[in-house]
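Here's the structure, in structure tokens; my notes come after.
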Amino acid sequence: MKKRVIRALVTGAGTGSSANLIRALRAMSPKLHVVGVNHDRFFLRLSIADANYLTPDPDGGEFTDALLEIIKRERINVVMATNDNVVKVLSDHRRRYKVDLLLPRRETIDLCQDKYALTEFLRRRNIPAPRTFEIKSLRSLDGIFARFSNEGLLWCRTRRGSRSLGATPVANIEQARSWITQWRDLRGVKVSDFTLAEYLPGRHFIVHSLWHKGTMLRTQAVEVLNYFAAGNNPSGIFSMCSLAKTVAAPEAVEVTLKAVEALEKAPTGAFFVELKEDADGVPAITEINAGRFPSGVTALLAVGRDNMVASFAAAAAGEKVSVAAEPRGSAAEYYMVRDIDAVPAIFPAEELLEQAGQAARRRR
């Protein structure tokens, strides 16, 4: 059967996350047409899409009207969002779109964008997630710390937002109060937007899965090894990684699939789940981003014969997409290294061994 020509619209054109998606899409055959949109005219100049449009801000009411006009003009059959804000706008107005947005349910997206509510949802279903408390006022900090006894560090962060917004480890009430007060006074973030949770010291995984009408097409685990600006923030951790690799992480994958199936009876769309291991090495879910690909590690999800970005586009365009040969992820190790103003580089682990061997021979 002849494949449909993909005409894809990617939001956030000109950003790194959109460029990663577009490069993955261009690995498809036949050649596709990519349209980029952004409300920021400066970022739009960096777009690598075939055609680009300036749109209203997604937070405004005119964004959906503008997007629908572009979709009609460019004959778009695939729409890919690059951040949670646009995912929500697409979700809230999904009935106005004639193309298949391949989105999870609106209730799922809303729940996942509230990290505290999501954690409560998971823990009620015995799915590993850090014990978390909402901070209703600064006076409530004493009671929350008392619940944790002498467990050491706690993790303080906002319940909404991305890129580790307002996140840092805190060792005592005074540190938590100072941190939250600073965000309140300098950034206008409400005290009630913060949470305190148990600190998870172990490995950091991102597990991305792609579903279509209840069928899991593929999943892949990625281990984050290093972060951008790790030395320039109090936590030493940032959601944007500079070094990561594909891994076989069966426990993290199992927890991920259990969570997605708890959220939806017949999951559809993209889910990327972030997990950290506790002190015993048990992976626990810290957040789920429903409806989009992870901005930092997309290149690793497009490696090999099972390009997850291509699979998403094909399914959204109405093609029949088969379950991947390795549906729970490849065990082959690929590394991704990124830097500002650089295209992410992907290389197999064998190249590291080969380089190490060459260096050893030169030293002899």
Side-chain angles (χ1 to χ4, degrees), residues 84-85 110-206 223-242 252 255 259 273-289 296:
D84 288 337
N85 188 26
D110 290 346
L111 176 62
C112 290
Q113 292 193 8
D114 184 337
K115 297 179 179 66
Y116 173 72
L118 174 66
T119 299
E120 290 291 286
F121 174 89
L122 296 173
R123 288 180 62 84
R124 285 196 300 269
R125 288 155 180 80
N126 295 316
I127 298 171
R131 192 156 52 106
T132 305
F133 295 92
E134 57 183 336
I135 301 173
K136 297 180 179 179
S137 68
L138 291 175
R139 292 189 299 273
S140 67
L141 289 174
D142 296 83
I144 295 173
F145 268 84
R147 288 172 180 257
F148 284 100
S149 184
N150 297 316
E151 293 187 23
L153 294 176
L154 298 184
W155 187 247
C156 182
R157 68 169 179 176
T158 58
R159 62 191 294 169
R160 295 180 178 84
S162 58
R163 299 188 178 182
S164 302
L165 181 67
T168 189
V170 291
N172 52 54
I173 296 170
E174 289 72 24
Q175 289 178 3
R177 183 179 292 110
S178 296
W179 178 256
I180 295 168
T181 300
Q182 178 174 315
W183 278 85
R184 181 197 65 188
D185 295 347
L186 300 182
R187 297 286 297 273
V189 180
K190 296 178 181 178
V191 172
S192 58
D193 285 338
F194 280 89
T195 63
L196 274 173
E198 61 180 305
Y199 181 78
L200 304 175
R203 293 184 296 171
H204 179 185
F205 295 108
I206 295 173
E223 183 179 356
V224 177
L225 303 173
N226 208 346
Y227 306 88
F228 279 118
N232 293 335
N233 63 67
S235 68
I237 295 174
F238 189 49
S239 60
M240 299 294 287
C241 62
S242 59
V255 171
V273 179
E274 295 209 42
L275 310 96
K276 288 288 299 294
E277 290 180 335
D278 64 16
D280 298 320
V282 177
I285 293 174
T286 58
E287 63 182 274
I288 298 177
N289 294 272

[X] side chain to [Y] main-chain N or O, any donor-acceptor pair under 3.5 Å?
X	Y	result
D280	V282	no
S140	S137	yes
T132	P130	yes
R203	E277	no

What distance do [X] atom [atom1] and [Y] atom [atom2] have between them, rounded to the nearest 0.5 Å?
X	Y	atom1	atom2	result
D193	E134	CG	CD	10.5 Å
F145	Q175	CZ	CD	8.0 Å
I180	L196	CD1	CG	5.5 Å
T168	Y199	OG1	OH	9.0 Å
R131	I144	CZ	CD1	11.0 Å
K276	I285	NZ	CD1	14.5 Å

Closest non-hydrogen atom pair, [X] against [Y]:
X	Y	result
W155	E198	CB-O, 4.1 Å
G166	F194	O-CE2, 3.6 Å
A284	L200	CB-CD1, 4.0 Å

ask   = Does R187 CZ have over 12 foreign heavy atoms under 6.0 Å away?
value = no
message = For F121, does the six-membered ring have the charged nitrogen or CZ of R125 within the cation-pi criterion, i.e. under 6.0 angstrom from the centroid and within 45° of the normal?
response = yes
query = Would R159 and D114 pass as an ion pair if we require N to O under 4.0 Å?
reply = yes
task = May I ask you to decide if the ring planes of Y227 and H204 are parallel, tilted or perpendicular, using 30° and 60° as cut-offs?
result = parallel
ask   = Can you tell if the side chain of I206 reaches within under 4.5 Å of the side chain of E274, non-hydrogen atoms only?
value = yes
